[in-house]
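Notes follow the structure.
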Amino acid sequence: YVTAERPQGAEEVLKSFVKAHPKLNDSEMRRLMFCFLECGNNDLARSLAEQIVAILPQDLIAHSVIARCALAKSDAETSRRHLETVLETVKDDGGLYFLYGNTLDALGKKDEALLAWQKAIALNPQALDVYEQIGKAYWQKNDFAKAAVAFESLAQKAPSRVTTLRAANA
């Protein structure tokens, strides 16, 4: 049983299991991939996801894990490539569009990032992180009116979140 409360111990058990069982099937690799994500080990999760994609090139979950882990390592181009593979098929996942927006933003494509974040909001209007990213992006573009709209939406949905943002930026 893997838990984020004791990630080091769980991670060591998982590493030992992988060494003892080098020929895992795709289902076993997928379960371990999620366990390593839970432990916070993006490198091992990504490695397993890449092995899954090598076996099953259309495995959208593995592609999305590679994208998430790549962005965490500031490899936005790899993240973009894998997310675009997933988004060819999955059109209704706000979380993927949020990650795609973050990826595009990391690549310096702020206008495209804004479109992806707006799609994320359309799919999940309660996604608070997205409003924050949209507000910050418009602020960076000096479009303060649009930034204010995004932050106002955030304030309406989570007033305490805006107080925290103000304190962090004070």
Side-chain angles (χ1 to χ4, degrees), residues 2-4 7-19 21-124 127-141 147 150 165 168-169:
V2 176
T3 175
Q8 287 78 21
E11 185 176 337
E12 292 308 314
V13 169
L14 291 169
K15 285 180 184 177
S16 297
F17 181 83
V18 170
K19 282 183 185 176
H21 302 88
K23 295 190 184 227
L24 300 171
N25 66 38
D26 61 304
S27 177
E28 293 166 329
M29 283 191 282
R30 190 174 291 108
R31 275 187 266 151
L32 284 171
M33 174 185 71
F34 286 119
C35 290
F36 282 122
L37 282 175
E38 180 72 20
C39 290
N41 190 324
N42 285 347
D43 293 336
L44 288 174
R46 180 178 175 175
S47 174
L48 285 166
E50 288 169 344
Q51 290 176 50
I52 293 168
V53 167
I55 297 167
L56 300 167
Q58 296 306 314
D59 189 302
L60 301 179
I61 294 170
H63 279 288
S64 65
V65 168
I66 293 168
R68 172 186 163 185
C69 295
L71 187 60
K73 290 281 192 177
S74 299
D75 184 358
E77 185 54 40
T78 297
S79 181
R80 181 200 59 77
R81 211 171 50 252
H82 285 277
L83 282 170
E84 287 177 355
T85 297
V86 175
L87 290 170
E88 286 175 8
T89 304
V90 180
K91 307 278 188 205
D92 61 350
D93 187 321
L96 286 173
Y97 281 98
F98 177 62
L99 182 59
Y100 189 52
N102 291 347
T103 298
L104 293 169
D105 190 41
L107 289 168
K109 299 178 178 187
K110 197 151 309 281
D111 290 333
E112 292 176 52
L114 282 162
L115 291 174
W117 290 326
Q118 289 163 353
K119 177 78 173 177
I121 288 292
L123 291 166
N124 182 3
L128 303 178
D129 290 340
V130 184
Y131 291 102
E132 184 178 333
Q133 287 299 97
I134 290 171
K136 288 178 180 179
Y138 280 126
W139 188 269
Q140 291 167 352
K141 290 176 55 115
L165 280 173
N169 292 313

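- Heavy atoms only, all atoms of each residue included: Cys69 and Asn42 are closest at SG-O, 3.5 Å.
- At a threshold of 4.5 Å between non-hydrogen side-chain atoms, the residues Trp117 and Phe98 count as touching.
- By the 4.5 Å heavy-atom criterion applied to side chains, Leu96 and Tyr100 are not counted as neighbours.
- Of the inter-residue distances, the one linking Leu83 atom CG with Leu60 atom CG reads 11.0 Å to the nearest 0.5 angstrom.
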**Item:** From CA spacing to verdict: side-chain contact (heavy atoms from CB on, under 4.5 Å), Tyr138, Leu114
**Value:** CA-CA 8 Å; Tyr138 280 126; Leu114 282 162; 3.7 Å; yes

**Prompt:** Taking it one step at a time, do Thr89 and Gln58 satisfy side-chain contact (heavy atoms from CB on, under 4.5 Å)?
**Reply:** CA-CA 10 Å; Thr89 304; Gln58 296 306 314; 5.6 Å; no

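- Remark: the backbone N or O of Leu99 is paired with a side-chain donor or acceptor of Thr103 at under 3.5 angstrom.
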**Asked** So Ile66 and Arg81, side-chain contact (heavy atoms from CB on, under 4.5 Å) or not? Walk me through it.
**Response** CA-CA 10 Å; Ile66 293 168; Arg81 211 171 50 252; over 6 Å; no

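- Counting heavy atoms from C-beta on, the side chains of Ile61 and Phe34 come closer than 4.5 Å.
- Within the structure, every pair that satisfies the salt bridge (Lys or Arg N to Asp or Glu O under 4.0 Å) test and touches residues 56-69, not counting sequence neighbours, is listed here: Arg30-Asp59.
- At a threshold of 4.5 Å between non-hydrogen side-chain atoms, the residues Met29 and Ile55 count as touching.
- Of all heavy-atom pairs between Ala120 and Gly94, the closest is CB-O, 3.4 Å.
- Minimum interatomic distance between Ser79 and Ala67 (heavy atoms only, all atoms of both residues): OG-O, 3.0 Å.
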**Item:** Worked verdict on Gln51 versus Leu48 for side-chain contact (heavy atoms from CB on, under 4.5 Å)
**Value:** CA-CA 5 Å; Gln51 290 176 50; Leu48 285 166; 4.2 Å; yes

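- Formation of a donor-acceptor pair under 3.5 Å by the His63 side chain with backbone atoms of Pro57 is found in this model.
- In terms of heavy-atom proximity, Asp43 sits nearest to Lys73 at OD1-CE, 2.9 Å.
- Of the candidates Asp75, Leu37, Asn41, Val65, Asp75 is the only one forming a side-chain contact (heavy atoms from CB on, under 4.5 Å) with Arg46.
- You'll find the side chain of Ile121 stays beyond 4.5 Å of the side chain of Gln118, heavy atoms only.
- Judged as a salt bridge (Lys or Arg N to Asp or Glu O under 4.0 Å), the pairs with a partner in residues 89-109 (not counting sequence neighbours) are, in order, Asp105-Lys110.
- A salt bridge links Arg80 to Glu77: one of the charged nitrogens lies within less than 4.0 Å of a carboxylate oxygen.
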